[in-house]
Amino acid sequence: MNTVNPNRRERVKKALTFFSVTAYFTGVMLLILCGEMIYKYGILADSEAAPGWFFYTAQLHGGAYMLFLIAIVNLGTKARWEPGKWIVTALGGVVPFLSFIVERKRRDEVEAAFNLK
């Protein structure tokens, strides 16, 4: 078993926590945004009749996704991921429910690689 420097392990652990929080927040905001779009364009006859706060849902998801991308870069560089893993992980923020699946998979991989449990 590889020994990991305790300082690096701590940096990876913090990056993993930030990644997990942003993954869940981005996933929740994406689900809310999808529900809003279904309501606005599928149920309402006139999309102009949608509540004004709907505009902010998309803005919040966009901001959350940017934080999610920052978290991916932060964790990916510390865990030394291959480029393909970064891309698949980034797709988690734009496909409904995928952020939850990707978060669990990456968490398990990183915890095993750095003995964080």
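In what follows, residues are counted from 1 in the order of the sequence shown.
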dist R8:CZ -> R11:CZ (nearest 0.5 Å) comes out at 7.5 Å
Applied to residues 66-77, the side-chain hydrogen bond (donor to acceptor under 3.5 Å, both in side chains) test, sequence neighbours excluded, yields N74-K78
### Query
Do you reckon Y24 sits in the same ILVMFWY cluster as V73, going by side-chain contacts under 4.5 Å, direct or chained?
no
- Query: Considering only heavy atoms from C-beta outward, does the side chain of V4 approach that of N115 to under 4.5 Å?
  - Reply: no
With side chains defined as the heavy atoms from C-beta onward, is the minimum distance between F54 and L33 less than 4.5 Å?
no
I72 and L67: same hydrophobic cluster, using ILVMFWY side-chain contacts below 4.5 Å? no
Sorted by chain and number, sequence neighbours left out, side-chain contact (heavy atoms from CB on, under 4.5 Å) with V95 holds for L98
Practice problem: Following the transitive rule for hydrophobic clusters with a side-chain heavy-atom cut-off under 4.5 Å over Ile, Leu, Val, Met, Phe, Trp and Tyr, establish whether L75 and L116 coincide in one cluster. | Solution: yes
Residue pairs meeting salt bridge (charged side-chain N to carboxylate O under 4.0 Å, His left out), one or both in residues 107-117, sequence neighbours left out, come to K85-E109, E103-R107, R104-D108, K105-E109, R106-E109, R107-E111, E111-K117
- Is any side-chain heavy atom of T89 less than 4.5 Å from a side-chain heavy atom of W81? yes
### Query
Are L31 and F100 side-chain neighbours, meaning at least one heavy-atom pair lies under 4.5 Å?
yes
Flag, side chain of T22 to backbone of A71, donor-acceptor distance under 3.5 Å:
no
Tracing side-chain contacts under 4.5 Å among Ile, Leu, Val, Met, Phe, Trp and Tyr outward from I87 reaches none
Residue pairs passing the side-chain hydrogen bond (donor to acceptor under 3.5 Å, both in side chains) test with at least one member in residues 49-67, sequence neighbours excluded, are E36-T57
Scanning both residues in full, the closest heavy-atom pair of S99 with G27 reads OG-CA, 3.0 Å
For F25 and F68, what are the C-alpha separation, side-chain angles and deciding distance, and is it a ring-ring contact (aromatic ring centres under 6.0 Å, His included)? CA-CA 9 Å; F25 185 67; F68 181 57; over 10 Å; no
F18 meets the ring-ring contact (aromatic ring centres under 6.0 Å, His included) criterion, sequence neighbours left out, with none
Contacts of L60 meeting side-chain contact (heavy atoms from CB on, under 4.5 Å) (sequence neighbours excluded), chain-then-number -> M29
Check: Are V88 and I70 co-members of a hydrophobic cluster defined by side-chain heavy atoms under 4.5 Å apart?
Finding: no
Hits for ring-ring contact (aromatic ring centres under 6.0 Å, His included) against F55, two or more places apart or cross-chain, chain-then-number order -> none
All heavy atoms of A79 vs all of V110, minimum pair found to be CB-CG2, 4.4 Å
Besides M66, the hydrophobic cluster formed by Ile, Leu, Val, Met, Phe, Trp and Tyr side chains linked at under 4.5 Å, directly or via other members, contains none
